[in-house]
Undergrad: 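If you scroll down you'll find the structure; I have some questions about it.
For ligands, and for the atoms within them, numbers begin at 1 and follow the listed sequence. Everything numeric here is computed off the predicted structure, so don't read it as measured data.
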Amino acid sequence: MFSKILIANRGEIACRVIKTARRLGIRTVAVYSEADAGARHVRLADEAVLIGPAAARESYLAAERILEAAKKTGAQAVHPGYGFLSENDGFAEACAAAGIAFIGPPAAAIRAMGSKSAAKSLMEKAGVPLVPGYHGDNQDAAFLQKEADRIGYPVLIKASAGGGGKGMRIVEQAADFAAALASCKREAASSFGDDKVLIEKYLVRPRHIEIQVFGDSRGDCVYLFERDCSVQRRHQKVLEEAPAPGMPPERRAAMGKAAVDAAKAVGYVGAGTVEFIAEQDGRFYFMEMNTRLQVEHPVTEMITGLDLVEWQLRVAAGEPLPLAQEQLAIRGHAIEARIYAEDPSKGFLPSTGKLIHLAPPPESLNVRIDTGVEEGDEITPHYDPMIAKLIVWDGSHENARERACARLLQALAQYRVVGVNSNVDFLSRLVACPAFANADLDTSLIEREKRFLFPEDTRAPSDVFLVAALAELLREGETASTAAASDTDPHSPWHLRDGWRLNSSFRRQLVFRFGETEKTVSVGYAQGGFELGLDGIVTLARGERIGNSMLRAELGGTRLPATVIAAGEKRHVFLHGRAWQFACVDPLYHAGEGAGEAGGLAAPMPGKVIALLAQVGAEVEKGAPLLILEAMKMEHTIASPAKGRLKAFRFNVGDSVSEGAELVDFEPEA
Ligand code: MV4
């Protein structure tokens with residue numbers, strides 16, 4: 001076995017490989033780009049080598065720099081992870097030439113599966129079933145039209161060099177074929193530099209079922225059962241599960257055998273995946289082979305109890321496969337959800353930024369999290385915006401899938417992501433939607449269920465605003481007691497945040513902005529709590545904050561565990577297993593913002609100063625309460641527009657101020 005390996009990748013997969021290497025006592029070398037200097041995979045590895053700037057071409061795709069790092073650190077093998085150089089036959093060859101083991105298949109096997117049409121010819125010879133079609137060299141338009149007519153419509157025209165759905169055309173009838181062929185060839189030429197196409201029967205409502213295979217250098221090969229990855233959006237997998245729902249043992253064995261035949265036909269060694277497209281009745285056809293460890297390998301690990309990275313390392317070191325086919329069995333059901341920094345309501349636009357708060361559900365026998373980031377890390381525009389893979393497993397004999405779905409829903413409800421948009425709520429709706437719950441799977445499930453998955457009504461229930469208001473008031477209370485403790489007069493009534501004011505029976509207001517709409521919660525102070533008014537209904541609210549974000553709330557006598565996270569003026573409320581996001585706007589906060597930039601804060605309307613809340617000379621955070629102004633029988637907190645220093649108050653308690661008057665001298669931090 002190797003004593004030191006280099007991981008030519010980043011993110012969660014680099015971390016995943018390090019985990020197994022460490023368990024096996026193998027030292028690890030990470031490589032990283034300038035953008036990843038503080039990344040988790042760098043922190044976890046025993047050594048790390050900077051290989052270049054953020055752009056992948058100059059770092060994670062720079063084969064020579066990675067090999068140089070391997071030589072310099074004395075690594076005996078390179079694990080390529082997925083993506084980047086993992087399916088680059090030239091890199092596999094260069095490793096071998098440098099005397100470094102490539103933890104993956106031989107270069108020739110990568111090459112053989114690299115061309116989709118050549119791979120299909122090879123598979124046909126090996127007796128692996130193919131979708132009825134034509135994938136030969138004759139590209140004459142009239143000939144291809146005849147082939148399409150023979151196959152029968154609808155047909156699919158695919159770019160031979162394509163993949164991932166690029167350059168595909170569905171043709172419904174013979175009359176449309178010539179035009180579709182011409183346009184497909186144009187796209188293939190410009191996208192792949194090769195206009196060769198193949199023609200296939202178009203399958204309606206297909207499933208994506210893939211078989212995990214493993215070969216060793218002695219020529220043995222086994223299959224580790226299947227994964228159903230039908231739930232995709234634009235050829236991006238979203239949910240993956242194992243085993244495939246409704247798979248009879250005989251078909252599993254037939255698909256397993258076909259996959260092993262495919263692997264053996266190209267002399268496969270290591271972990272590989274043979275992708276099949278399956279009709280609803282179960283008939284299956286070879287699509288392509290991925291010559292690497294896949295993102296979704298954990299679901300296979302969960303149902304087999306195996307560590308596929310350990311197998312990869314053993315096989316690459318020349319050891320035989322650890323287990324034979326008859327020693328392999330399936331236990332339970334596993335589902336993986338890919339947690340992404342993206343905005344599902346904006347076409348899944350990637351969302352970048354700092355992970356201000358990141359709290360995954362607790363890991364257990366049933367819940368696994370594979371991630372490359374922690375709270376405080378950044379999702380940058382340079383790489384894939386995946387935050388983590390959330391994998392659940394249930395071992396029941398009867399209804400393991402149903403239980404796994406329930407576990408996944410629960411884990412998603414616990415997942416907290418603040419700082420970037422995430423697909424967590426979208427995933428919850430997806431797992432809960434009847435088609436997925438009933439395992440009515442095919443590759444267009446998301447498209448078909450879009451009305452359920454992209455609800456237009458995003459209004460939050462009242463509870464959400466009441467909980468947010470309560471969190472705000474409790475937080476203020478804590479700030480006020482801290483201020484009182486450091487004041488010369490700790491008994492000053494101005495520090496009591498219980499609504500006590502001389503001769504004034506006011507109600508203050510908290511305003512939450514949610515998209516285009518605003519919700520106003522009026523606040524009255526009651527014994528041991530608050531009277532919160534919303535939409536004409538008054539609710540008695542009380543509770544306590546636990547730590548910085550957890551809230552033990554009680555609304556009208558009902559206990560509600562909630563989490564409220566403040567990030568600037570943004571508030572994230574996690575309640576009822578869902579997440580809501582809106583802004584908390586102090587009515588005067590914005591009025592003062594412009595003035596704040598000029599070094600002061602102006603009164604937005606005539607009123608009276610009724611409390612000074614901060615110490616002159618103090619460093620204050622953005623949003624820190626500075627003073628309270630009473631205007632039009634309401635109390636308004638003037639908050640700091642930025643982080644900075646409070647130089648002076650221009651008025652005393654009791655002073656009347658006119659509209660536009662500068663209230664404080666404020667120095668924003670440089
Ligand atoms: C197909 C098909 C229906 N019939 N081929 C999409 C990606 C590429 N690898 C192959 N793809 C498809 N090929 C025939 N003959 C439907 C798809 C397809 C698909 C396949 C697997 C997973 C998701 C998909 C989403 C849309 C279309």
Undergrad: Taking only heavy atoms of Glu288, which atoms of ligand 1 are found under 4.0 Å from at least one of them?
TA: 9 (N)
Undergrad: Using a strict cut-off of 4.0 Å, indicate which atoms of ligand 1 neighbour a heavy atom of Leu156.
TA: 1 (C), 2 (C), 4 (N), 5 (N), 13 (N), 14 (C), 15 (N)
Undergrad: Looking at the rings of Phe348 and Tyr340, which for Trp means the six-membered one, are their centres under 6.0 Å apart?
TA: no
Undergrad: Taking only heavy atoms of Ile277, which atoms of ligand 1 are found under 4.0 Å from at least one of them?
TA: 1 (C), 2 (C), 3 (C), 5 (N), 13 (N), 16 (C)
Undergrad: Please evaluate residues Glu296 and Arg338 with respect to the criterion salt bridge (charged side-chain N to carboxylate O under 4.0 Å, His left out), reporting the C-alpha separation (whole Å), side-chain torsions for both, the decisive distance (0.1 Å), and the verdict.
TA: CA-CA 9 Å; Glu296 60 273 25; Arg338 298 189 187 188; 3.2 Å; yes
Undergrad: Which of the atoms in ligand 1, numbered in the order shown and given with their element, are less than 4.0 Å from a heavy-atom of Tyr202?
TA: 3 (C), 4 (N)
Undergrad: Kindly say whether the aromatic ring centers of Phe454 and Phe426 come within a distance under 6.0 Å.
TA: yes
Undergrad: With heavy-atom distances below 4.5 Å as the criterion, would you say the side chains of Arg448 and Arg205 are in contact?
TA: yes
Undergrad: Using a strict 4.0 Å cut-off to heavy atoms of Gln232, name the atoms of ligand 1 that fall inside it.
TA: 22 (C), 23 (C)
Undergrad: Would you say Asp394's side chain and His333's backbone share a donor-acceptor pair under 3.5 angstrom?
TA: no
Undergrad: Does at least one non-hydrogen atom of Glu275 fall below 4.0 angstrom from an atom of ligand 1?
TA: no
Undergrad: Is there a polar contact, in the sense of an N or O pair closer than 3.5 Å, between Glu200 and ligand 1?
TA: yes
Undergrad: Using heavy-atom distances, let me know which of Thr443, Leu130, Ile446 sits nearest atom 19 (C) of ligand 1.
TA: Thr443
Undergrad: Can you tell me which residue among Val299, Leu328, Thr300 is in a side chain to side chain contact (heavy atoms under 4.5 Å, CB included) with Phe225?
TA: Leu328
Undergrad: Please check whether Lys201 reaches ligand 1 - meaning an N/O of the residue sits under 3.5 Å from an N/O of the ligand, judged on distance alone.
TA: yes
Undergrad: Is it the side chain (CB and beyond), the backbone, both or neither of Val131 that lies under 4.0 Å from ligand 1, heavy atoms counted?
TA: side chain
Undergrad: Spell out, as yes or no, whether a donor-acceptor pair under 3.5 Å connects the side chain of Gln325 to the backbone of Leu224.
TA: no
Undergrad: For Lys237, look at atom NZ and say whether over 12 heavy atoms of other residues, nucleotides or ligands are found less than 6.0 Å away.
TA: yes
Undergrad: Short N/O distance, under 3.5 Å, between Lys158 and ligand 1?
TA: yes
Undergrad: With only distance considered, is Met287 within less than 3.5 Å of ligand 1 through an N or O on each side?
TA: no
